[in-house]
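To start, the structure under review is shown below, and the notes come after it.
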Amino acid sequence: MIANSSSTISVDALVFDAYGTLFDVQSVATLVERLFSGQGAALAQLWRSKQLEYTWLQSLMLSSAQRREDFAAITAHALDYAAEALHMPLTTAARHRLLDAYLDLSPYPDVASALVELAPMPRLVLSNGTREMLELLAASTGLAPHLDAILSVDAVGIYKPSPRVYQLAVDYLKLPPARIGFVSSNGWDAVGARAFGLTAIWVSRAGAPLERHGPKPDAIIGSLAELTALLGKA
């Protein structure tokens, strides 16, 4: 664990990002590999990259004339772009199978045990995903019993890292932002949460460099297995 100030932090609740933090978005590569041998990793990576890019762009483009599409639509657009960019012809059946895979992503190995160990502290999800996508995913992976609530950006009509999204956690928990620990493996998301005032915990699964566009997270850990020690509960 690397912390910016102290070896432990004090919060009253934890809010988790979903995609890339609890659920492995690259797990779709296995299915892609079966459909397009030798191209699974490339498609999965470009698909995810465009998916995030489209959430940021649609948030910036919002106006009375330009509506925001939900995460299911964004995910489909990103898949279509990635397949065309990589010259991978998608049949209708293959496209449906790949999109359905986002409802059955694999959780990271450290997730279930961490959520169990952190009880009875409130544990929420705050995600770009639609409620339907997130609830199906939590149910199919067996994580639903370990989550107290699932919050979707759809409630405020804009994507992360808009402050309006992080405010959803404050409104739900009725806690000051600093008393809420926000956990994300996406560096840009941790920066957004910290800029808003949440206590940001970056799960640096891939050992990427710190993002430079905003304040540093309050703590950096390598996996969710380190959360209990970080919170002084080990």
Side-chain angles (χ1 to χ4, degrees), residues 1-27 45 48-49 51-53 55-56 59 71 105-115 117-118 121-129 134 143 146-147 150-153 159-170 173 175-234:
M1 177 192 72
I2 305 170
N4 286 342
S5 54
S6 63
S7 58
T8 62
I9 61 175
S10 176
V11 294
D12 299 318
L14 288 172
V15 178
F16 294 86
D17 168 59
Y19 300 109
T21 302
L22 300 182
F23 307 106
D24 184 2
V25 294
Q26 298 304 320
S27 62
Q45 289 168 8
R48 174 61 171 168
S49 175
Q51 181 192 56
L52 290 174
E53 181 182 332
T55 64
W56 300 327
S59 293
F71 198 64
L105 295 172
S106 300
Y108 286 99
D110 55 0
V111 172
S113 58
L115 291 177
E117 290 171 3
L118 291 164
M121 178 178 284
R123 295 144 298 161
L124 283 63
V125 164
L126 175 59
S127 172
N128 279 336
L134 296 166
L143 296 183
H146 309 302
L147 296 169
I150 292 176
L151 307 178
S152 167
V153 301
Y159 289 107
K160 297 177 183 178
S162 168
R164 288 158 52 191
V165 174
Y166 304 114
Q167 183 66 40
L168 287 170
V170 174
L173 291 164
L175 289 170
R179 300 303 304 169
I180 300 171
F182 182 82
V183 184
S184 181
S185 66
N186 297 295
W188 58 268
D189 193 16
V191 169
R194 182 66 184 85
F196 173 78
L198 300 178
T199 295
I201 304 165
W202 178 37
V203 188
S204 181
R205 294 191 183 277
L210 274 171
E211 298 289 356
R212 264 58 170 192
H213 67 286
K216 295 179 181 180
D218 296 278
I220 304 170
I221 56 178
S223 79
L224 296 184
E226 298 173 46
L227 267 178
T228 52
L230 177 64
L231 299 174
K233 299 180 178 296

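Heads up: numbering here begins at 1 and tracks the sequence.
Of the inter-residue distances, the one linking L14 atom CG with I180 atom CD1 reads 10.0 Å to the nearest 0.5 angstrom. In this structure, CZ on F16 lies 5.5 Å from CG on L227, to the nearest 0.5 angstrom. A distance of 8.5 Å separates OG in S152 from CG in L126, rounded to the nearest 0.5 Å. Between the CG atom of D189 and the CZ atom of R194 there is a distance of 14.5 Å, given to the nearest 0.5 Å.
Put simply, the side chain of S204 does not reach to within 4.5 Å of the side chain of I221, judged on heavy atoms. Within the 4.5 Å cutoff, the side chain of Q167 has no heavy atoms near those of the P177 side chain. In this structure, the side chains of L210 and W202 come closer than 4.5 Å at one or more pairs of heavy atoms. Considering only heavy atoms from C-beta on, D17 comes within 4.5 Å of K160 through its side chain. The closest side-chain heavy-atom distance from F71 to V153 is not below 4.5 Å.
Closest heavy-atom contact between L175 and A13: CD1-CB, 4.0 Å. Of all the heavy atoms in L143 and L115, the pair that sits closest is CD2-CD1, 4.2 Å. Of all heavy-atom pairs between L22 and V111, the closest is O-CG2, 3.3 Å. Here the closest heavy-atom approach between residue Y108 and residue T21 is recorded as CD1-O, 3.4 Å. Scanning both residues, L173 and V15, for their nearest heavy atoms gives CD1-CG2, 4.0 Å. Contact detail for S184 and A190: the closest heavy-atom pair is CB-N, 4.3 Å.
R48 is linked by a side-chain hydrogen bond (donor to acceptor under 3.5 Å, both in side chains) to Q51, counting only residues two or more places apart in sequence or in another chain. By the salt bridge (charged side-chain N to carboxylate O under 4.0 Å, His left out) test, E117 pairs with no residue at all, sequence neighbours left out. Considering only residues two or more places apart in sequence or on other chains, S27 meets the side-chain hydrogen bond (donor to acceptor under 3.5 Å, both in side chains) condition with none of them. For F23, there are no ring pair (Phe, Tyr, Trp, His ring centres under 6.0 Å) partners two or more places apart in sequence or in a different chain. Applying the side-chain hydrogen bond (donor to acceptor under 3.5 Å, both in side chains) rule to R164 yields no partners; only residues at least two apart in sequence or on another chain are considered. With sequence neighbours excluded, no residue forms a side-chain hydrogen bond (donor to acceptor under 3.5 Å, both in side chains) with Q26.
Under the 3.5 Å distance criterion, the side-chain polar atoms of S49 are left unmatched by any main-chain donor or acceptor of Q45. Without hydrogens or angle criteria, S185 side chain to G20 main chain gives a donor-acceptor distance under 3.5 Å. In terms of modelled atom types and a separation under 3.5 Å, the side chain of T199 and the main chain of A178 share a donor-acceptor contact. In this structure a side-chain-to-backbone donor-acceptor pair under 3.5 Å is present from T55 to L52.
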Please evaluate residues T8 and L231 with respect to the criterion side chain to side chain contact (heavy atoms under 4.5 Å, CB included), reporting the C-alpha separation (whole Å), side-chain torsions for both, the decisive distance (0.1 Å), and the verdict. CA-CA 5 Å; T8 62; L231 299 174; over 6 Å; no
Step by step, would you call T228 with L118 a side chain to side chain contact (heavy atoms under 4.5 Å, CB included)? CA-CA 7 Å; T228 52; L118 291 164; 4.0 Å; yes
Would you please test Y19 and L105 for side chain to side chain contact (heavy atoms under 4.5 Å, CB included) and show each step? CA-CA 9 Å; Y19 300 109; L105 295 172; 3.7 Å; yes
Verify side chain to side chain contact (heavy atoms under 4.5 Å, CB included) between V170 and L198, making sure each step is shown before the conclusion. CA-CA 9 Å; V170 174; L198 300 178; 4.2 Å; yes
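A salt bridge between R205 and D110 is present, with a side-chain N of the basic residue lying under 4.0 Å from a carboxylate O of the acidic one.
The aromatic ring centroids of F182 and F196 lie 6.0 Å or more from each other.
Ring planes of W188 and W56: perpendicular class, angle over 60° (limits at 30 and 60°).
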